[in-house]
Amino acid sequence: MLTYEGLKTLPKNVAGPSYDVRKVTSGIVHFGVGNFFRAHLGYYVDRVLALPGQEQWGITGVGLRSGERSEKKAEEFRAQEGLYSLTEIAADGTTQIRVMGGLRDYLQAPDEPEKVLALLADKATKIISMTITEGGYNIDETTGEFRLTHPEVKEDLADPQHPKTVFGYVVEGLRRRREAGHGGLTVMSCDNLRHNGDVSRKAFVGYARAVDGELAQWIEQNVTFPNAMVDRITPSVSSEGKAKLNERSGLDDLQPLISEDFIQWVIEDKFAAGRPAFEKVGVEFSDQVSAYEHAKIRMLNSSHLILSAAGMLLGLKLVDQVLAEQPVHKFVDLMLEKDVIPTLKAPPGVDLHKYKATLLSRFSNKAMADQVARIASDATSKAQVFWTETVRAVLSEGRDRSRIVYCMALLLELLRGKTEKGETIKLEEPFLNAEQLKSAASNDFKASIALPAFDGWRDLLTPEIEQEIAQARDVIRQKGVLASLPV
Ligand code: CS2
């Protein structure tokens, strides 16, 4: 097992923290300690901690879920005193392995809620960060408002001092902070959302307003919500994957991690209570973040979703395998060239055609073995976040809509939950209820097109377009994905 003591005798091919991990204190509280967070914010924080005078920027992770899996994860983090190894893998298969030391504590909120709230209110906490997934912000795409009717939000609103949701925790923590006179801080979203900071503000202030109008106002005045674009492909790690990573590193790590060697973070420099010296470790500060966010989400994440829907139907497991299918490669390329790039504003100094080429080569990295199922999970929320702007632009500008119509049909087929060969797909759709899942699986086109996946552009769906989607879906069923792609 990986421990402080073990850091003294790491295998030769593994780099360890060059700073004294025990001197690091917690200045960041992070909700949602998944693999992406550990390979992205966790990576940057580890790099920052190696610089002088940064030891106050360690991270305390918070898990909100109860249950066996979450308990096990918490136990493993604690057993390893927050240490974990990251294997970065380049397209040619070369690797770099490093033990990360930024995660200084881990709290299981359902077991120790008061500890979490006290930490959020603590003067030393300067940043509350989160990776709570695209659908996790509880925003109604049609009205753009925070949903106060969500059952768990309703429960928190009925007893705001004993929260369960991230909104309840953060807002109650901020209430205590204000009462203690500890001032505001930064709430920093690390999720793939367009304007993730603005969306967070809407969500947290929306919740706060329902608790206490004055508190909501205090938050608006004292808390900042920087927008950011985050990027690093981080596959899931199965138990076999863990064994392989440990074999390669020579470590006995309970939570080893793999990612590509590419990493990018562009963020607004709006930190209410100070921040780590991120600019010294490769983070880009910009006041034009939205152009980066849009390019990344509309190009990388949107084509990822197409690849994963096609891959699931084809019964393929890995992203590089799907892209190796020529019609799929061609379709994604065409979609980016003809539908996305012409309707997208390039970030300063970025050539979108080159950006596209880099993405396609990142997706083809065999050594990563990135999973189709990972990306296809929560496709309903992802489509709303990743596809909306492109679909809206294509439909409202009267451009050739054959490809986006096909994408919608592909998504409907994925949500039906059957591969081309009729095998059952285990859907992971945490934001669909039983009735919606039933509609998705049915052959009832009207019921499936009513699913929230299409909410971002529902107002633009004419009966004619709906008919085209229904037809495209029939063609996928008759001919299969590869023969039906409009390329
Ligand atoms: C993926 C992302 O889950 C998904 O939908 O597209 O996790 C993707 O790997 C990251 O955003 C890359 O930065």
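Just follow the structure's listing: the first ligand is 1, and inside any ligand the first atom is 1.
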Taking atom 7 (O) of ligand 1 as the reference point, the nearest protein heavy atom with its distance:
Arg374 NH1, 2.9 Å

Tyr137 and Asn196: side-chain donor and acceptor closer than 3.5 Å?
no

Which ligand 1 atoms, with their elements, are less than 4.0 angstrom from a heavy-atom of Phe386?
5 (O)

When you check the gap from the basic side-chain N to the acidic O, do Arg401 and Asp339 get nearer than 4.0 Å?
no

Side chain or backbone of Asn192 under 4.0 Å from ligand 1, or both, or neither, by non-hydrogen atoms?
side chain

Do any nitrogen or oxygen atoms of His304 lie less than 3.5 angstrom from nitrogen or oxygen atoms of ligand 1?
yes

Before signing off on this row, confirm whether Arg362 and ligand 1 have an N or O atom pair separated by under 3.5 Å.
no

Any donor-acceptor N/O pair, Asn301 side chain to Asn192 backbone, under 3.5 Å:
no

Tell me which one of Phe36, Phe37, Tyr43, Phe278 satisfies ring pair (Phe, Tyr, Trp, His ring centres under 6.0 Å) with Trp265.
Phe278

Where ligand 1 meets Lys296 - atom numbers and elements under 4.0 angstrom, heavy-atom basis
10 (C), 11 (O), 12 (C), 13 (O)

Could you tell me if Glu134 and Ser381 have a donor-acceptor pair between their side chains, going purely by distance under 3.5 Å?
no

Does any N or O in the side chain of Thr343 come within less than 3.5 Å of the main-chain N or O of Val340, such that one atom is a donor and the other an acceptor?
yes

Are any side-chain N or O atoms of Arg232 and backbone N or O atoms of Ser259, one a donor and one an acceptor, separated by less than 3.5 Å?
no

For Ile375, atoms of ligand 1 separated by under 4.0 Å from a heavy atom
4 (C), 5 (O)

May I ask whether Glu134 has any heavy atom positioned less than 4.0 angstrom from an atom of ligand 1?
no

Give yes if a backbone or side-chain nitrogen or oxygen of Asp370 is under 3.5 Å from a nitrogen or oxygen of ligand 1, and no if not.
no

I'd like to know if the side chain of Asp261 reaches the main chain of Thr95, judged simply by a donor and an acceptor atom lying under 3.5 Å from each other, with no hydrogens or angles considered.
no

Between the side chain of Asp231 and the main-chain N/O of Gln264, is any donor-acceptor distance below 3.5 Å?
no

Measuring from the heavy atoms of His40, does anything fall under 4.0 Å of ligand 1?
no

What is the closest protein heavy atom to atom 13 (O) of ligand 1, and at what distance does it sit?
Asp231 OD1, 2.6 Å

At what distance is the nearest protein heavy atom to atom 2 (C) of ligand 1, and which residue and atom is it?
Asn301 ND2, 3.5 Å

May I ask you to list the atoms of ligand 1 that are less than 4.0 angstrom from any heavy atom of Arg232?
12 (C), 13 (O)

Using modelled atom types only, decide if a donor and an acceptor are shared between the side chain of Gln80 and the backbone of Leu83 within a distance under 3.5 Å.
yes

Any nitrogen or oxygen of Thr234 lying under 3.5 Å from a nitrogen or oxygen in ligand 1? Just yes or no.
no

List every atom of ligand 1 that sits less than 4.0 Å from any heavy atom of Lys382, numbering the atoms from 1 in the order shown and giving each element.
3 (O), 4 (C), 5 (O)

